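A quick note: this is a predicted structure, and the numbers were derived from the prediction, not measured.
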Amino acid sequence: MTVNSANLAGPGGNSSRVAVDTSSNREGAMTGCIARSDIFQHRLMEEPPPASATRRTRERYEQLVRDAKTLCAACPLFTDCLYSAVAEHDVSGFVAGTTAVQRRSIRNLLDVEVQADDFDQLAGARGTRRPVSHEEVLRLRTQYPNDSLESLAMRLGCSLSTVKRHLRRARRGQSPAAKTPRPRPEVNAVLDAFDTVIDHQQLQPRRTGSSRVA
């Protein structure tokens, strides 16, 4: 049995080591994100509230994150999920005990750069969403310059995060095929970087009124 330790923040922000069995049978596994879609697919989990959000909204987000971390810590697929979200797909929202910001920090530590097209294809295969190209997003943005990003996502039949990602890439002068993919990191390296990022953020002093969650 292969066991890895997941360093997830427990209630009150305390670090807790949780043994995760990665050799369990993955067929038909009922993971927390599937069983509790009301938490993981909540609108606040895709786009965390800004500092200007109401106290009630920030507290609701923090509670969702705590609940999600608890579920991720007990998930037998935690290691696979974390590795995929860090090294294979540029996913949005809360995944494998991490926020999108934390996953970017992990990639920075590992010098990992995920090819953006990976998640566009994955997102397009979910539900009624379809794959969209970088050029298609830019063309529609030019065609409807006054439309909100939500409206563009509806026109394209993709997620809001996909539209934002393509527009950010355009502002940086990048294209999906602009760079050669770097070698993927080892699983243990991803777990070590995860521990480093989570531990560092838990040691940071909490700012009053901040919506960030360690």
Side-chain angles (χ1 to χ4, degrees), residues 33 37 39-54 57-58 60-62 64-65 68 81-185 190 193-194 197 201 210-213:
C33 55
S37 60
I39 294 175
F40 287 88
Q41 295 183 24
H42 195 284
R43 59 181 181 80
L44 288 177
M45 297 294 265
E46 179 172 349
E47 195 76 25
S52 59
T54 64
T57 298
R58 294 197 305 271
R60 175 57 175 154
Y61 171 69
E62 292 174 356
L64 287 168
V65 168
C81 188
L82 176 66
Y83 187 86
S84 178
V86 168
E88 297 177 347
H89 303 292
D90 184 14
V91 298
S92 61
F94 190 92
V95 180
T98 61
T99 63
V101 172
Q102 289 170 333
R103 290 192 296 278
R104 284 196 294 271
S105 296
I106 293 172
R107 293 190 193 109
N108 288 338
L109 280 178
L110 298 169
D111 194 24
V112 168
E113 194 166 287
V114 178
Q115 290 295 303
D117 272 356
D118 286 349
F119 180 65
D120 293 332
Q121 294 172 8
L122 179 68
R126 295 164 62 184
T128 59
R129 293 175 179 175
R130 63 182 183 82
V132 295
S133 68
H134 183 67
E135 293 73 19
E136 189 175 6
V137 174
L138 299 187
R139 178 186 62 77
L140 215 64
R141 172 79 283 184
T142 302
Q143 185 176 353
Y144 301 99
N146 298 321
D147 269 18
S148 66
L149 298 186
E150 290 83 356
S151 296
L152 289 178
M154 291 180 64
R155 290 180 184 276
L156 290 163
C158 66
S159 69
L160 174 61
S161 60
T162 296
V163 172
K164 289 182 176 179
R165 185 163 45 254
H166 280 295
L167 295 180
R168 282 197 302 268
R169 193 175 310 128
R171 288 195 295 270
R172 296 168 185 163
Q174 298 174 342
S175 63
K179 297 183 179 179
T180 302
R182 299 174 185 176
R184 290 179 179 174
V190 173
F194 167 85
V197 168
Q201 292 191 3
S210 173
S211 61
R212 294 183 62 183
V213 177

### Query
Hey, mind stepping through R165 and R169 against side chain to side chain contact (heavy atoms under 4.5 Å, CB included) and telling me if it holds?
CA-CA 6 Å; R165 185 163 45 254; R169 193 175 310 128; 3.4 Å; yes
If every non-hydrogen atom of [X] is compared with every non-hydrogen atom of [Y], which pair is closest and at what distance?
{"X": "P49", "Y": "Y61", "value": "CD-CG, 3.5 Å"}
{"X": "L82", "Y": "T98", "value": "CD1-CG2, 4.1 Å"}
{"X": "V112", "Y": "A87", "value": "CG1-CA, 4.4 Å"}
{"X": "S92", "Y": "S161", "value": "OG-OG, 3.2 Å"}
{"X": "P185", "Y": "Y83", "value": "O-OH, 2.7 Å"}
{"X": "F94", "Y": "F40", "value": "O-CD2, 3.8 Å"}

When rounded to the nearest 0.5 angstrom, what distance separates [atom1] in [X] from [atom2] in [Y]?
{"X": "R43", "Y": "E47", "atom1": "CZ", "atom2": "CD", "answer": "11.5 Å"}
{"X": "L160", "Y": "L152", "atom1": "CG", "atom2": "CG", "answer": "9.5 Å"}
{"X": "H166", "Y": "L156", "atom1": "NE2", "atom2": "CG", "answer": "8.5 Å"}
{"X": "R60", "Y": "L44", "atom1": "CZ", "atom2": "CG", "answer": "7.5 Å"}
{"X": "Q41", "Y": "E46", "atom1": "CD", "atom2": "CD", "answer": "10.0 Å"}
{"X": "T162", "Y": "H134", "atom1": "OG1", "atom2": "NE2", "answer": "13.0 Å"}

### Query
So R107 and E113, salt bridge (Lys or Arg N to Asp or Glu O under 4.0 Å) or not? Walk me through it.
CA-CA 7 Å; R107 293 190 193 109; E113 194 166 287; over 6 Å; no
### Message
Restricting to side chain to side chain donor-acceptor pair (under 3.5 Å), what partner residues turn up for D147, sequence neighbours left out?
### Response
R155
### Message
Among H89, R103, M45, Q102, which residue satisfies the side chain to side chain contact (heavy atoms under 4.5 Å, CB included) criterion with V95?
### Response
R103
If we ignore hydrogens and angles and just use 3.5 Å, is the side chain of [X] paired with the main-chain N or O of [Y] as donor and acceptor?
{"X": "S105", "Y": "V101", "value": "yes"}
{"X": "R141", "Y": "P145", "value": "yes"}
{"X": "R58", "Y": "A53", "value": "yes"}

#### Entry: Set of residues satisfying side-chain contact (heavy atoms from CB on, under 4.5 Å) with respect to T142, sequence neighbours excluded
none
### Query
With sequence neighbours excluded, what pairs up with A153 under the side-chain contact (heavy atoms from CB on, under 4.5 Å) test?
V163
### Query
Taking it one step at a time, do S148 and S151 satisfy side chain to side chain contact (heavy atoms under 4.5 Å, CB included)?
CA-CA 5 Å; S148 66; S151 296; 3.0 Å; yes
